[in-house]
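Below is one structure, written out as structure tokens; comments come after it.
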Amino acid sequence: MDVFGSFALILAFVCAVYAFVGGIAAIITRHPLLIKSARQAGIAVCGLIFTATLSLVYLFFTDNYSVAYVVSHSNRDLSTFFKVAALWSGQEGSLLFWSFLLAIYVVSVLLTYRNKNGELMPYVGVILAGVQLFFLTISNFVASPFKVLGVANAAGNFNLVARADGNGLNPVLQYPEMVIHPPNLYSGYTGFTIPFAFALAALLARYPGEKWIHLTRKWTMIAWCFQTMGILLGAHWAYAVLGWGGYWGWDPVENASLLPWLTGTAFLHSVMMQEKRGMMKVWNVWLVFITFMLCILGTLLTRSGVVSSVHAFAQSSIGSWFVGFLCIVIGVCLAAYFKNKDYLKSENQLDSLVSRESSFLFNNLVLLVACVAVLSGTLFPVFSEWFTGSRISVGAPFFNKVNIPLGLMLMFLTGVGPLLAWRKTSTDSMRRNFQGPVTAGLVGGVLLFIFGVREMFSLICFTLCIFVTATIVQEFYRGARVVRIRSGVSWLASCVDLTLRNTRRYGGYIVHVGMVMIFIGLAGQAFNKEVEKELPIGSTISIGKYDLLLQSMDRKQEKNYVADRMIVEVMKDQKPVMMLYPERRNFPTNQESGTMVAIYSTLKEDLYVVYAGMNPQTNLPTVHAFINPLVKWVWWGGMVVVMGTIVALVPNRAAVVVLARAEAPSGARELSGMRPAQVTLREGQINS
Amino acid sequence: MKNCTRIAAGILFACVALLPPGATPLLADQTDRTHQIGSKIKCMCNGCDQAAGKCYHVGGAYSGPCDTAKTMLKEIDTHIAAGMNDQQVLDAMIKQYGPLAYVEPPKTGFGLLAWLMPILYLLGGLALVVVVMKRWRKRPVVVASAVGANGVHVSPELLARARAQAQRETEE
């Protein structure tokens, strides 16, 4: 099966070369057969990548320890569930997995648009084939997952050998989240290839209008949604497994995943400027280019070892390949831009500074500043070494100090944006729109201050969160009231109806609600408490309102590890609340150990208990307990964000209500033939 | 009074220095201060990437401060016992371990650049936004023609009428 997989991978490379070169020839000659064959070669590439990936999974399932990658990342006792995760737990497998996910996107695009957009698709096919070609080059010639073990004999030839068992999977990866976190994150990274391909193709082909934006909107949202889920699942894994009490440590690899998310978020907002007003065309194209470049840069940071990171499991010297690829991408993007930049001229002017357009501009500014600040902070140790000869570390406190104010600005704009109309907002309209939300925010802030919230940034954050929530509630209320008056249904049914009529707008608001919840959770960090203590059996440790009584300890033998477990009774106000079982897992195969945190989670706070191990000096068990307020809001907020994105992806149920009441019959007839995107002219202006 | 403090600190430092390792008696408030200062210095074990005062050492047999972090905390204790203030302790630790021991860049020398960069990005971005807005406000309007799904050309007057109608019908 290793030969089969290897063969599929090399055949995929050959097909990708054809799809790329044949595609370029097809663009030049415009020969229909050549166009078709290049597209079919592109589809074949995907099929062959699927075959190679399934071959590697099969090698894991059948415990084939003649393959070096399987030996390094699996063992016989590893459960089937984690043998799937072993596929992406190392360098070679994760790169093949990257190609696999990209192939899913590519084949979906090639099949969806096989008979549409004839002018654009050959360009798209060539760009996608180019990206696939790069990853297939790496997987075939630099980091092949199908390398077999061998020993040299006396004649200088290699004899194949097989090991009896493998080295096992990295213990920190043996948790359910690690089975779903990387696929989500990689789906985000690879998904941004699609808008990149369409944007570059539209620029190269001088494709008319905003068609590429309409075509890629869903793909961008899907990629963004996966990226969001990937980041949050990674954060949850860090929280539940690593045992340091937090979920975001500003590690370079965490930062690398955040960068394309920030630019992707900026794009999802600024794209509306182009759709509705024909503005920011250059900006949008470059945002998509930069997002894709940041995905490649993120991969480079994860794998090159340029910056030190706890995600060291996939580091090697392949960074130079990514640097080369990144340079080619930048070169191609610059060349395409300078050749065809006249095609990107804006169609409209800015009517007023107090408008939705301005709020989008500032939203993009803050997101981009945050992105560049995180990027430069991440790379600062490298810069300092270049210029001064010694590395200066940049840790979490720096990133917190820089990003907290930017996050607050963003939250402010999240509230302000929906209250401003496109083109121009009158003073009357502003007063009417802002009155309620601003009052709610201020009253909420004052009440929080009276009830003892004194941390400045948290207080501002909570106040802004109330303001934004009030904004969204007001938007739903006003829209639902119109529906309710017309149809006479309940408030809930009106809200659902309203949302289904304009899924993008109201799905967007649901995403904003999710972001508010995440920000509430983040603001809670200012009130964290922690205590660490050696705890003989029968003794108690106190934190906040909780008393933790160590009742006993036990040991359980599992298939792949031995777990030492604390049995802790949690009491609140002298009354038993629940039992917690924090444990340490020792993996004999690779002589490593890990923690399994016990968490008692409520909306108000998490009681987070870690069994730190036996203190080697005193031989007493040590407990590390934390009170982490509002953490649950982060995870629930993430779910709401995903839900909102799914809503926004659903097509509108009844796109054009206003057309049914057109005043001029002839105009109504003419308008009824228009596309929904052209007739939802007043989106976001219900009250202006 | 100042001399007395110095003498007392010197005696305390001598006592601490003479004690065998691992038996350093620490006052409760001193321990807290040690951890507080330790949270501003990186653990130099090259394994955890955490602050010395908050080293939890993922993957180790014990999720507490590793040996390197413990050594660093003891050194901080020693400096405190010698009467140094927080900044002096930090300076002494950086002198010993180099700039890689910073948890956040210093606000002097090259490290200052790290702090200035985000401010410069924000100011530069703001300037750019202002320039873009000014240009947009001066730009003549290019009237985009709209085409219906059936290929019928839609005139700007009709679009304006549709906008007005949509506005009326979506108002309260």
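Proteins come first, then strands; the chains are lettered A, B, ... in the order of their sequence lines, and each starts at number 1.
- Residue contact with chain B, scored on non-hydrogen atoms closer than 4.5 Å, involves the backbone and the side chain of A/Val394 alike.
- Residues B/Met133 and A/Ser358 are in side-chain contact: their nearest non-hydrogen atoms beyond the backbone lie under 4.5 Å apart.
- Atom OG in A/Ser376 sits 8.5 Å away from atom CG in B/Leu113 (nearest 0.5 Å).
- Classification of the B/Phe110-A/Phe380 ring pair by plane angle, with boundaries at 30° and 60°, yields parallel.
- For the set A/Val610, A/Val402, A/Val372, A/Val374, the entry with the most heavy-atom pairs within less than 4.5 Å of chain B is A/Val372.
- Note: A/Met409 CE to B/Leu122 CG = 5.0 Å, rounded to the nearest 0.5 Å.
- Contact annotation for A/Phe387: only side-chain heavy atoms (C-beta onward) come within less than 4.5 Å of a heavy atom of chain B.
- Residue B/Lys107 places its NZ atom among more than 12 non-hydrogen atoms of other residues, nucleotides or ligands, all under 6.0 Å distant.
- In this structure, A/Ile392 and B/Pro106 have side chains that are in contact, with non-hydrogen atoms separated by less than 4.5 Å.
- How far OH of B/Tyr121 is from CG of A/Leu365: 13.5 Å, rounded to the nearest 0.5 Å.
- Counting heavy atoms from C-beta outward, B/Glu104 and A/Lys401 have side chains that approach closer than 4.5 Å.
- Of the atoms belonging to B/Leu126, heavy atoms from both backbone and side chain fall under 4.5 Å from chain A.
- Among B/Ile94, B/Leu128, B/Leu100, B/Ile119, the residue with the largest count of heavy-atom pairs under 4.5 Å with chain A is B/Leu100.
- The choice from A/Ser393, A/Gly377, A/Gly395 that makes the most heavy-atom pairs within less than 4.5 Å of chain B is A/Ser393.
- Contact annotation for A/Thr595: only side-chain heavy atoms (C-beta onward) come within less than 4.5 Å of a heavy atom of chain B.
- Neither the backbone nor the side chain of A/Leu368 comes within contact range of chain B; no heavy atoms are under 4.5 Å apart.
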